[in-house]
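Please read the structure below before turning to the comments.
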Amino acid sequence: MKISKIEHLGIAVESIEKALPYYEQVLGFECYNIETVEDQKVRTAFLRVGETKIELLEPTSPESTIAKFLETRGQGIHHIAYKVEDGVANALAECEQKEVRTIDKAPRNGAEGLHIAFLHPKATQGVLTELCEE
Ligand code: ZN
């Protein structure tokens, strides 16, 4: 696959409202978008950091994978998202060919209108990995 950059870092937080003052007032980033991704049961806030972004993830339901992550690991880095230039579907096909376990079998819609797919953390040396394309 052809990866051009780290698209964003996903960070799990208990509350976007409580987390934002740190990112905006201490680090000086600007939150330019907050949206709810219903099928993932999360609310996301995006902040630009040069070429990349920070995605804050807040659970909207106790069934959310983010709620479970917070329960077991606490707040912190949840995933790394890479931008793929030759398509998420192609990248997933390559993973299948190379026997790399994935969470998604096909690209789905993520925040910001991106097409995304997650690889399985057991297959990615412990870091939950998201692939995305615009
Ligand atoms: Zn993400």
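Numbering of ligands and ligand atoms starts at 1, following listing order.
Residues H8 and E130 have side chains that bring a donor and an acceptor to within less than 3.5 angstrom of each other.
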Please determine whether side-chain contact (heavy atoms from CB on, under 4.5 Å) holds for the pair T102 and F118, giving the CA-CA distance in whole Å, both sets of side-chain angles, and the decisive distance to 0.1 Å. CA-CA 6 Å; T102 64; F118 281 94; over 6 Å; no
Step-by-step side-chain contact (heavy atoms from CB on, under 4.5 Å) determination, L119 to L131: CA-CA 8 Å; L119 307 186; L131 302 175; 4.0 Å; yes
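With the Zn ion (ligand 1) as the vertex, NE2 of H79 and OE1 of E55 span 90° to the nearest 10°.
Here E130 meets the criterion, with an N, O or S atom under 2.8 Å of the Zn ion (ligand 1). Checking H8 against the Zn ion (ligand 1), an N/O/S atom falls under the 2.8 Å cut-off.
With L114 as the fixed residue, the side-chain contact (heavy atoms from CB on, under 4.5 Å) test singles out one of E133, E134, R108: E134.
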